[in-house]
Amino acid sequence: MRTPAPHVARLRSASPPSVPPLSARERVKTATDFVSAALMLVPALPAILACIALVRLTSPGPALYTQSRVGRGGRVFTLYKVRTMHHDCERLTGPQWSTPGDARVTPVGRVMRKLHLDELPQLFNVMKGEMSLVGPRPERPEIVKKLREAVVGYDRRHAVKPGITGFAQIHLPPDSCIRSVRNKVAYDRFYIRSRSLGMELFILGATALKVIGLKHLYYRAPRVPTE
């Protein structure tokens with residue numbers, strides 16, 4: 001087992017941040033997320049097992065892996081994913097964002113990323129109460145430390161549980177620079193201010209359309225710049 005980076009170890013060993021208790025609305029959402037994730041695991045489990053088998057057959061290293069992420073209130077938790085990159089590919093570089101055509105991604109991993117199959121194990125994170133089905137995507141502690149200094153109000157996205165999908169994710173591409181993070185934060189803050197049952201259902205439906213290549217059915221370009 002690899003030894004965690006020093007600053008990650010410090011985050012884990014230090015007392016966890018004080019997180020406000022969940023509101024009644026958030027407790028209902030947590031219960032709904034748990035039931036929904038449990039039901040989704042029934043059809044998802046065969047897909048997860050198939051992905052695990054494909055990764056083991058096509059690439060050396062573990063098929064499942066864990067990663068530290070920052071959740072609600074700044075608390076660090078362990079996120080589960082199916083591995084889509086070459087094993088230990090960040091050993092020399094440290095944490096980096098994935099880029100288009102990233103050489104670290106395996107051929108099988110590229111397909112799983114396109115279909116978002118690598119995210120399915122995060123249903124277990126939802127059932128553990130660490131994530132929601134819908135919310136801002138969680139980032140790694142090493143990257144969060146830098147973004148807090150570069151993006152004003154970045155920590156406001158930690159006011160709610162992170163999600164498997166989110167309002168920013170259905171509209172914007174993956175993070176690639178500080179500007180893209182500022183845009184994502186603007187969308188995340190809009191979601192936090194405006195979230196409702198209708199909005200959550202819209203995001204889940206839009207996520208399904210995006211996965212099957214029908215993003216144009218819901219996507220509308222913003223009328224004003226997002227930053």
Side-chain angles (χ1 to χ4, degrees), residues 11 16-41 44 66-82 97-98 113 116-141 143-145 147-148 151 153-175 180-211 215 218-219 222 226:
L11 279 169
S18 177
V19 180
L22 294 173
S23 65
R25 173 183 176 182
E26 289 171 322
R27 287 197 297 270
V28 170
K29 186 175 189 294
T30 296
T32 303
D33 280 335
F34 178 89
V35 174
S36 300
L39 293 174
M40 292 171 70
L41 265 176
T66 59
Q67 214 175 53
S68 295
R69 296 291 177 103
V70 178
R72 180 175 179 267
R75 282 189 172 176
V76 176
F77 70 97
T78 300
L79 177 138
Y80 308 118
K81 294 190 75 173
V82 176
W97 282 321
S98 181
R113 281 180 167 231
H116 297 277
L117 296 174
D118 58 315
E119 311 284 357
L120 290 178
Q122 289 162 44
L123 290 171
F124 290 104
N125 288 113
V126 175
M127 294 182 68
K128 290 174 65 178
E130 298 163 334
M131 294 180 65
S132 292
L133 292 178
V134 176
R137 280 299 294 169
E139 187 54 272
R140 287 181 279 183
I143 297 177
V144 167
K145 183 179 179 181
L147 295 178
R148 280 172 172 157
V151 180
Y154 181 81
D155 261 326
R156 294 182 186 179
R157 64 198 304 276
H158 295 139
V160 299
K161 289 183 183 180
I164 297 179
T165 185
F167 189 69
Q169 280 62 47
I170 63 173
H171 288 97
L172 300 173
D175 294 333
S180 67
V181 174
R182 291 194 180 105
N183 290 340
K184 280 271 184 73
V185 170
Y187 275 74
D188 287 336
R189 290 172 62 180
F190 175 80
Y191 161 76
I192 292 170
R193 291 194 307 269
S194 310
R195 57 196 174 125
S196 63
L197 176 60
M199 188 177 194
E200 304 255 331
L201 292 175
F202 166 76
I203 292 170
L204 290 172
T207 300
L209 291 174
K210 182 178 179 180
V211 168
K215 181 178 178 178
Y218 70 85
Y219 179 76
T226 56

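Count residues from 1 along the sequence. Just so you know, these numbers use all the heavy atoms, side chains as well, and skip hydrogens, waters and symmetry mates.
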Review point. Are the side chain of Tyr218 and the backbone of Gly205 linked by a donor-acceptor contact shorter than 3.5 Å?
Key: no
Review point. Considering only heavy atoms from C-beta outward, does the side chain of Val160 approach that of Ser132 to under 4.5 Å?
Key: no
Point to revise | Set of residues satisfying ring pair (Phe, Tyr, Trp, His ring centres under 6.0 Å) with respect to Phe190, sequence neighbours excluded | key: Phe167
Check your understanding: Under a 4.0 Å N-O cut-off, is there an ion pair linking Arg137 with Glu119?
Key -> yes
Point to revise | Check ion pair Glu26-Arg195 (N to O, under 4.0 angstrom) | key: yes
Exercise for review: With the side chain counted from C-beta on, respond yes when Leu120 and Ile164 share a heavy-atom pair under 4.5 Å apart, and no when they do not.
Suggested key: no
**Study point:** Qualifying side chain to side chain donor-acceptor pair (under 3.5 Å) pairs with a residue from residues 163-173, counting only residues at least two apart or across chains
**Key:** Thr165-Thr207
Review point. So, Arg157 and Glu139, do they make that salt bridge, N to O below 4.0 Å?
Key: no
Check your understanding: Would you say the side chain of Met40 lies within less than 4.5 Å of the side chain of Val126, judging by non-hydrogen atoms?
Key -> no
Point to revise | Beyond-backbone contact of Arg72 with Leu22, side-chain heavy atoms, under 4.5 angstrom | key: yes
Review point. With a 4.5 Å limit on heavy-atom distance, are the side chains of Ser194 and Met199 in contact?
Key: yes
Point to revise | Partner of Asn125 under side chain to side chain contact (heavy atoms under 4.5 Å, CB included), chosen from Lys161, Lys81, Met131 | key: Met131
Point to revise | Exceeds 12 heavy-atom contacts within 6.0 angstrom, atom CZ of Phe124 | key: no
Point to revise | Residues that Tyr191 engages under ring pair (Phe, Tyr, Trp, His ring centres under 6.0 Å), provided they are two or more places apart | key: none
